[in-house]
Structures are given as structure tokens and as C-alpha cells.
K.L.:
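I have a structure I would like to understand better, so I am pasting it below and will then ask my questions one at a time.
Here the structure is a predicted model, which means the values were calculated and not measured. Numbered from 1 within each chain, the chains take letters A, B, ... in sequence-line order.
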2 protein chains.
Amino acid sequence: MAKNQSTEDYLKGIYKLQHNGKGVATSELAKHLKIGDGSVTGMIKKLAAKRLVHHTPYKGVSLTASGKRLAVQMIRRHRLWEMFLVKFLGYRWDEIHDEAERLEHVTSQEMERRLDKALGYPKVDPHGDPIPTMNGEFDGTAYSPLSEFEVGDRVKIIRVDDDQGVLQLAATLGLGLNKNLTVKEKMKFDGSMIVKVGPKEQFISQRIAKSIFVRVV
Amino acid sequence: MAKNQSTEDYLKGIYKLQHNGKGVATSELAKHLKIGDGSVTGMIKKLAAKRLVHHTPYKGVSLTASGKRLAVQMIRRHRLWEMFLVKFLGYRWDEIHDEAERLEHVTSQEMERRLDKALGYPKVDPHGDPIPTMNGEFDGTAYSPLSEFEVGDRVKIIRVDDDQGVLQLAATLGLGLNKNLTVKEKMKFDGSMIVKVGPKEQFISQRIAKSIFVRVV
DNA sequence: AGTTGATTTTAGGTGCACCTAAATTTAGGT
DNA sequence: ACCTAAATTTAGGTGCACCTAAAATCAACT
Ligand SMILES: [Mn+2]
Ligand SMILES: [Mn+2]
Ligand SMILES: [Mn+2]
Ligand SMILES: [Mn+2]
């Protein structure tokens, strides 16, 4: 049942891209994985032969039940490792993605369980992304992008996009998980904002406000 | 400079087998890696082209300076991970080898340094094998197999062979690292012994006594 | 319904790490 | 020196994951 690195990355990619609608376009997956379109078509046929995906030629791929199970397992392992890197090794939240990307593929079920336990059964990773349970269930807190809020709203940061640039900037601005903030100004012109975080006010572009997810508090 | 899993396992294998004399026989390496002789010859030629090993056809392989550097780095990573698995995840010392065997290949230099630090810069792994420094230096305490000692000798366990069977049995008998023990009896006939460990006396075969390494205390 | 541009698949490669079986080389004993 | 058995290398495969370029299909607009 355990598969290899490529298989795992394809399944994870399909999972990530699918949420929007139904089938994922091969070209979309190819772009995500940085692999040629033709190569992806070929690989997809192998995955279909192993019953991990459904493939209707020219119409896109989707995960089967077992494909989805594996994809979610990889996401769980990825996020547990990210947690480990921050909590045990003291990495910053913007340094962990690529490391976890490799660790996730060499993780036995036993290790996964022990990691989870050692970390105190965390519900979310260092970016606020939910860590699915061993049974593949997600426990999602609802959130919306900060960019959608208005002057006067008091909100708490629930999740930040796992993107190096976003994470670095957010950290610099003092915008970490669970931080409370108040929208002080919002420019009609370009959607940028001034928000109050702790004692000080910060200017933030719409671009970054769209990558920071919050809920009212 | 970083290489892939196969390369790393070949170099580590050559390093392990070389200590005896000079060149390592291809068949010896093949047996160690559980790979066909012909495949090993082929791979060795690639490693030689990359200047990681010296290969005199029909006369064996040996590591170049950079090959040795990489081999020792893998050993360091392997042993740091074994330490992590025991100290942070609570694995038993007989369960960790195969897990570390995979983790060692996905470890960046940054991770290696942070792991080392988080573990408190350990000098030996959970089996008593020395952990080389970042510069590749080993800090070896001298030891001899328990089987060479005689009645009356008081010794301390410094190292136990990283072999599942040996480790499981040793643990059952209460023979862990740094434990002190006294040789109570030694049978001429088959080299088996009775040793006192803490309050109780244990019978141990020569086979196991040869896999437990100690020094006088 | 027909043309056309974009998407997708197919066809024909490559490099890698392995395999098995056939040659070759080496070393030991006469 | 010669023969032979064992060790080693070579030769000719395989499967995998990738590539590029050509062919097929789709969809969408006249
Ligand atoms: Mn990955
Ligand atoms: Mn994350
Ligand atoms: Mn290994
Ligand atoms: Mn060890």
C-alpha cells in the first residue's frame, strides 16, 4: 500500500488542486509539479492502473477513495513534520516547507503516531493549516481572508499561506498565528490596510491581506 | 555535492566494509547492499567517474577523500536520527535502525546542525556507536568484546552491535549502555558466561558476548 | 457544420539503478 | 608454465520517471 515519492507527490498535488471543482486538468497538475504535460499524462495512466485515480482522457483526473486516503496521509505527515521542525528544532515558519516535503516520504505509520504523540496531538500546523486525524478527518476552523474585513473589525489570525515570501513578511510585521488585530484603515484605491497589532499600527498591502486568514473575535 | 540515496548507501557500505584492510571487494559490497554483483560493478564505475571512489578493476574499491567525507556525513546523520528516535519519540533501541536508514537521506546540513543541538550534542548513538563531528572526526572510547574477559572482571557496557536480534536479547537481559557487570563464570566448552548485572545473574551465550563491547571499570 | 487554437495524449527518446547470464581475469595448486 | 575455480566485469535486458515534439481531440466561434 505504501508508495514512492513521485506517487505521493502526484496524489498530494491532485488533492490540493481538486478542491475547486471536479477533475483536475493534467496541465494544471503538470504546472504544479513542474513536470512536462506529457510526463504527467503517462504517470497518471500508471496511477489509474493502480486504482489511485480515475482518469477520463481529455477530461481530467480525480482521486479514488484509496488515492484520497494516501493523499491525506501525506498531508498529515507533512504538517506533523512542520510542527516538529518548529517545536523541536526551532526553525522559523518560513523555513520548514521544503524540509517537510522530503521527510513526509520516509515516515512509517509508527513514526507518524509517535510524532503526533510527542507533539501533543496538535490540531494545526505552524501555518494554521489543520492536521487531519489518522482516519483522514479534518477539523477545520472557519476563516476568511483579512482583505475582506472593514475598518473597526477586530479579528484573530487563524492561518497564513504557506508561502515563503508571505510568511517572512508576516513575521516581520508581527503577524503570527493567534495574534489579534484591528482594522484601522482600508484604502478604497488598492485595498491596502492599516491594522493595529499589539501596540503598533502596520501598513499592509492587499496582496498580503489576501494571504492572511482570520475570524472575528 | 549532495548525492542521492543509492550513492549514499554505496559510500556508507564501502566505508563500513573497508576498515579491515584496503580495497573492498565488489562481491562483498554487493552482499552487504543486497544487490547483484554486476549491478555493483556498474554503479562503482559511475561513482569512480564522479571521483567518489577509486576503482582498480578486479582489485576492489576504496573511498576518495570526498567519498569518505560523504560517507561519514551519512553515518553522522544516521546516528543523530537514531538518537532522536529514542530520545524524542520513545522508540526502543532495536526499532530504530531502519527508520534512521531512510531519514539520513533527506537531511539538510541545517537540519543536521539543529538536530545535533536539540539532542544536546550527543557523543554516541543509542547503541554506543560514536557520532562523528561535523568535520568528520570520531571520538572513540576504546572497548573490547565481553567474550574476551575472564571470571572476576568488572566491566562497563560501551557499545552493542546494531543488530535487531542482539539488541532485543540484550534489553531483555537488562544489558543496556553504561551498565556495569561482573563476569561470574565462563565455560571453557562453548565460551558462554554467567554475568552479574545489578542484583541478578544472567546466563549469556558466547554469540551474544561477542556482540557486547565493554571496558574495564 | 466547419475551422481553428488550445489542451491533451501519443510516440520515441534519455538516464538511472537494478537484473541475469555470458565472458573475462585472477590466483592457487600441480 | 598450465589448468581451473572463483571473483569480477561486460553485455544485453527491465521498469521507472522524466523529456520533447508530433498527432489527436476538444470546444467555441463563426
Ligand atoms: Mn514531497
Ligand atoms: Mn504548513
Ligand atoms: Mn540508507
Ligand atoms: Mn546505531
K.L.:
Just jot down the side chain to side chain donor-acceptor pair (under 3.5 Å) partners of B:S108, sequence neighbours excluded, or say none.
P.N.:
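Only A:E99 meet the side chain to side chain donor-acceptor pair (under 3.5 Å) criterion with B:S108.
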K.L.:
Mind checking what makes salt bridge (Lys or Arg N to Asp or Glu O under 4.0 Å) contact with A:K12, not counting sequence neighbours?
P.N.:
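For A:K12 the salt bridge (Lys or Arg N to Asp or Glu O under 4.0 Å) partners, ignoring immediate neighbours, are A:E101, A:E104.
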K.L.:
Which protein N or O atoms sit under 3.5 Å from an N or O of nucleotides 12-15 of chain D?
P.N.:
none

K.L.:
Applying ring pair (Phe, Tyr, Trp, His ring centres under 6.0 Å) as the test, list every pair that has at least one member in residues 38-72 of chain B; sequence neighbours left out.
P.N.:
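As it turns out, there is no ring pair (Phe, Tyr, Trp, His ring centres under 6.0 Å) pair with a partner in residues 38-72 of chain B once direct neighbours are skipped.
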K.L.:
For A:T41, answer base if it contacts any base atom (sugar-phosphate contacts may also be present), sugar-phosphate if it contacts only those atoms, and nothing otherwise; contact means non-hydrogen atoms under 4.0 Å.
P.N.:
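Since a base atom lies under 4.0 Å of A:T41, the category is base.
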K.L.:
With heavy atoms under 4.0 Å as the rule, sort B:S39 into base, sugar-phosphate or nothing.
P.N.:
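Contact class for B:S39: base.
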K.L.:
Where along residues 46-60 of chain B does a heavy atom come under 4.0 Å from DNA chain D, residue by residue in number order?
P.N.:
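Only B:H55, B:P57, B:Y58 qualify.
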K.L.:
For residues 32-43 of chain B, which side-chain N or O atoms pair as donor and acceptor with protein atoms under 3.5 Å away, sequence neighbours left out?
P.N.:
from, atom 1, to, atom 2, distance (Å)
B:T41, OG1, B:D37, O, 3.3

K.L.:
I'd like a table of donor-acceptor pairs (distance under 3.5 Å, sequence neighbours excluded) in which one partner is a side-chain atom from residues 132-140 of chain B, with atom names and distances.
P.N.:
from, atom 1, to, atom 2, distance (Å)
B:T133, OG1, B:N135, N, 3.2
B:T133, OG1, B:G136, N, 3.4
B:T133, OG1, B:E137, N, 3.1

K.L.:
Are any of A:T26's side-chain N or O atoms less than 4.0 Å away from OP1 or OP2 of C:dT7?
P.N.:
no
K.L.:
Going by side chain to side chain donor-acceptor pair (under 3.5 Å), name the residues that satisfy it together with B:E148, two or more places apart in sequence or in a different chain.
P.N.:
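Side chain to side chain donor-acceptor pair (under 3.5 Å) check on B:E148 returns nothing, list empty.
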K.L.:
For A:Q206, which residues count as a side chain to side chain donor-acceptor pair (under 3.5 Å) partner, sequence neighbours excluded?
P.N.:
none
K.L.:
In terms of side-chain heavy atoms of A:D37, which of C:dT8, D:dC18, C:dT10 is nearest?
P.N.:
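The nucleotide sitting nearest to the side chain is C:dT8.
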K.L.:
Does a side-chain N or O of B:S6 approach OP1 or OP2 of C:dC18 to a distance below 4.0 Å, or not?
P.N.:
yes
